[in-house]
Structure formats: structure tokens, C-alpha cells
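This report concerns only the one structure given below.
Keep in mind the model is a prediction, meaning the values are calculated, not measured.
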Amino acid sequence: MTPRPLLDGALTVAAARAGAPGGLRYTERQLYYELCRVLQPLHAGPRRIPYTLAPPVRYGRFATALAARRDGLPGLLPPLEPGATVAPRARVAAEADLYDYGLPRLLVCQSPEISAMLIANDLHLEAACPVVPASGLPLDPRLTAALARAGGAVVHVLHDASPTGLACFEQVRAEYGTAAGAGGADGTAGVRVRSMGLVPRHAAALHLTSGRGPQAHRGPLPAGLRPEERAWLGSGRTIELAAVAPARLLHTVIRQVRGTAAGPRRTPLRSRVRSAREAGFLSWPTA
């Protein structure tokens with residue numbers, strides 16, 4: 001058991017790391033996983049040796065320690081209200097003519113907390129891409145029409161490495177694409193749906209903290225997964241996107257949404273995350 005003073009001190013360090021560089025906003029679960037990295041620095045091991053880590057402290061103890069000092073942690077986002085499905089800034093805009101244009105890309109997040117975190121860090125402006133939580137589906141018909149109007153638009157689905165995450169991707173693909181491969185396919189309106197989910201092999205390379213779901217995954221899995229990855233998911237083990245460091249998550253999502261050919265841009269957000277150089281894990285192998 002971790003002594004209370006040690007946990008309090010680790011929280012301070014974790015909050016500073018989660019907000020770096022440049023004062024990023026982060027969620028409670030992201031802070032929890034950052035705390036795990038502070039208490040158990042085995043994540044810094046060689047990348048060529050794949051492994052994941054068990055959490056060194058239970059979430060309940062973290063939540064108790066956090067409740068006593070929430071106001072003292074800069075950058076920590078407030079928890080979403082119970083029953084909230086859409087972050088305030090992700091709601092449909094009031095300007096009707098905004099939907100008269102084509103929309104080349106859209107990001108759907110499985111987690112409403114991660115969706116709120118990305119918006120709080122201005123990812124939707126940096127990547128020129130609306131961010132919508134999966135709990136906010138179905139999409140507004142005007143938004144769907146804007147996607148079809150763009151021609152070749154892409155709907156990215158950002159989800160955990162878990163049965164729930166896979167189900168989220170399948171739901172979006174069933175509604176806005178066609179079932180023809182994990183990397184996305186041309187839908188009836190020319191919209192492609194692509195998974196930006198966490199892959200077990202990359203989670204192991206990053207030495208993320210894993211958990212275990214209430215039940216093993218029994219449904220179909222994306223093509224291109226290795227046998228050991230299928231066995232890993234089939235055993236019920238999971239890894240949340242929140243386990244990825246906030247700066248790395250932002251940098252990678254921007255790169256994936258905009259594409260590598262977008263070229264460097266020196267906007268304020270890119271300057272803040274310029275130190276997060278390693279990326280490339282948020283896509284299925286066949287994407």
C-alpha cells in the first residue's frame with residue numbers, strides 16, 4: 001500500500017507531467033495513469049521489449065487523494081456531469097450556413113471525457129476537424145450532408161483497445177460506412193470510416209498500464225491483428241486511451257487526422273506539443 005504522503009507528492013509530479021508541455025488540459029483518468037507512471041517508472045524500459053504494466057495503485061485510492069486537493073492541480077478538467085453526453089463546445093453550431101460547405105473529416109471519440117479533453121486543448125481548431133463523442137451519435141443530418149458534400153470525407157473513430165472500443169468502431173462503420181475491412185471503406189455517400197483505435201502491440205511497446213474488462217471479447221476482430229494480439233483481446237484485457245500521455249495523444253491524433261503530408265505548422269498548440277515526437281500507434285495495422 002502506498003503511504004498517503006507519498007501519494008500526495010506523486011500527484012503533484014503527475015499533474016506537472018500531464019500538463020506538459022505548455023499547460024495542457026487533462027482528465028482525471030489521464031492523471032491517474034500519469035500517477036501510475038510516476039509510482040512505477042517501468043514504462044521507460046526499452047521499446048523493443050514489449051510489455052504492459054499492472055496499475056500500482058487502485059483508482060479508489062487515487063480518487064480519495066485527489067478529492068482533497070482538486071483545486072490545487074492546474075490543468076485538470078472538471079468531471080462531466082452525470083448523464084452528460086456531449087461536451088458544450090461540440091454541440092451543433094447555431095449558424096445554419098456553416099453546414100453549406102463540405103466537411104472533409106470528422107473525429108468520433110468513444111470516451112466523452114477524451115472528447116472534452118481534445119476540444120479543451122483546441123484540437124478541433126488545430127486539425128480543422130469537429131470532435132464528437134460517440135454518446136452524441138447519431139450525427140446531425142446537416143453534418144452528415146456536409147461530409148457527403150466534401151467527396152471522400154473520412155470519419156475517424158478514436159477508441160480503446162477493448163471490446164467496448166471495438167463495438168464503438170463497428171457501430172460508427174455500420175451507420176456511416178460499409179462493412180468492408182478494418183481500415184475503412186467507401187460508404188454509400190462516399191464517406192470512409194477509419195479506426196484510430198489503440199493496437200495491443202503498440203500499447204505493449206509504449207508500456208502502457210492495462211486493465212481487465214468484465215468479460216472476454218467474443219466478437220470479430222479487425223484484420224491484420226497478430227495472433228498474440230487476438231489472444232490478448234480475447235482474454236478480456238483492455239487498455240484505455242487515457243493511459244496514453246496527454247501530449248502524445250494530442251500529437252498523434254493531429255498527425256493522423258491531418259495526415260503526414262500536411263507539413264509542419266507553427267500554431268500555438270503545435271508549439272506546445274512539439275516535444276512529443278513519438279507517434280504512430282493509433283491506427284489498426286491495415287489502416
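- A 4.5 Å side-chain heavy-atom check between Tyr176 and Val157 finds every atom pair outside the cut-off.
- Distance alone, capped at 3.5 Å, is enough to place a donor-acceptor pair between the Gln110 side chain and the Asp160 backbone.
- Grouping Ile, Leu, Val, Met, Phe, Trp and Tyr by side-chain contacts under 4.5 Å, direct or through others, leaves Val154 on its own.
- Shown here are the ring-ring contact (aromatic ring centres under 6.0 Å, His included) partners of His207, two or more places apart in sequence or in another chain: Tyr51.
- Leu53 places none of its side-chain heavy atoms less than 4.5 Å from the side chain of Cys36.
- Of all heavy-atom pairs between Ser210 and Ile239, the closest is CB-CG1, 3.5 Å.
- Under the 4.5 Å side-chain criterion, counting only non-hydrogen atoms from C-beta, His159 is in contact with Ser195.
- Across all their heavy atoms, Ala54 and Gln40 have their closest contact at O-NE2, 3.0 Å.
- If you run side chain to side chain contact (heavy atoms under 4.5 Å, CB included) between Tyr32 and each of Leu66, Thr27, Val57, only Val57 comes through.
- Distance check: Leu250 CG to Arg25 CZ gives 12.0 Å after rounding to the nearest 0.5 Å.
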Begin from the C-alpha positions of Arg69 and Thr12 and carry the test side chain to side chain donor-acceptor pair (under 3.5 Å) through to its verdict. CA-CA 10 Å; Arg69 51 173 305 175; Thr12 301; 3.0 Å; yes

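- Legend: residues meeting ring-ring contact (aromatic ring centres under 6.0 Å, His included) with Tyr33, ordered by chain and number and at least two apart, are absent.
- Atoms CG and CD, on Leu39 and Glu34 in that order, are 10.5 Å from each other to the nearest 0.5 Å.
- Minimum heavy-atom separation, Ala150 to Ala153: CB-CB, 4.3 Å.
- The side-chain contact (heavy atoms from CB on, under 4.5 Å) check on Ser111 picks up Glu113, Ile114, with sequence neighbours excluded.
- Distance check, rounded to the nearest 0.5 Å: CG of Leu11 to CG of Leu76 gives 9.5 Å.
- Nearest heavy atom pair, residue Leu7 against residue Ala65, reads CD2-CB, 3.7 Å.
- Looking at Val172 and Leu137, their side chains come closer than 4.5 Å, going by heavy atoms from C-beta outward.
- A heavy-atom distance below 4.5 Å is found between the side chains of Leu118 and Leu107.
- Note: the hydrophobic cluster containing Leu42 also contains Ile49 (ILVMFWY, side chain heavy atoms under 4.5 Å, direct or indirect links).
- Pairing each heavy atom of Pro21 with each of Ala247, the nearest pair is CD-CB, 3.8 Å.
- Closest approach of Thr52 and Ala204 over heavy atoms only: CG2-CA, 3.9 Å.
- Here Tyr26 pairs with nothing under the ring-ring contact (aromatic ring centres under 6.0 Å, His included) rule; sequence neighbours left out.
- In terms of the side-chain contact (heavy atoms from CB on, under 4.5 Å) criterion, residue partners of Ala128 (sequence neighbours excluded) are, by chain and number, Arg105, Arg258.
- Separating the CD atom in Glu28 from the CG atom in Leu80 is a distance of 10.0 Å, to the nearest 0.5 Å.
- At distances below 3.5 Å, not a single donor-acceptor pair connects side-chain atoms of Arg201 with backbone N or O atoms of Pro50.
- Exactly one of Ile254, Leu249, Val257 qualifies for a side chain to side chain contact (heavy atoms under 4.5 Å, CB included) with Leu123. That residue is Ile254.
- Figure legend: Arg29 and Phe62 shown without cation-pi pairing, the cationic atom not lying both under 6.0 angstrom from the six-membered ring centre and within 45 degrees of its axis.
- By the rule that hydrophobic residues join a cluster once side-chain heavy atoms approach within less than 4.5 Å of another member, Leu24 and Val38 end up as members of separate clusters.
- Taken from CE in Met196 to CG in Leu241, the straight-line distance is 10.0 Å, to the nearest 0.5 Å.
- The cluster map of Ile, Leu, Val, Met, Phe, Trp and Tyr, joined by side-chain heavy atoms under 4.5 Å apart, puts Ile119 and Val244 in the same cluster.
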Please determine whether side-chain contact (heavy atoms from CB on, under 4.5 Å) holds for the pair Met117 and Gln30, giving the CA-CA distance in whole Å, both sets of side-chain angles, and the decisive distance to 0.1 Å. CA-CA 10 Å; Met117 176 265 180; Gln30 287 178 313; 3.4 Å; yes

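- Taken from CZ in Arg17 to CG in Leu31, the straight-line distance is 12.0 Å, to the nearest 0.5 Å.
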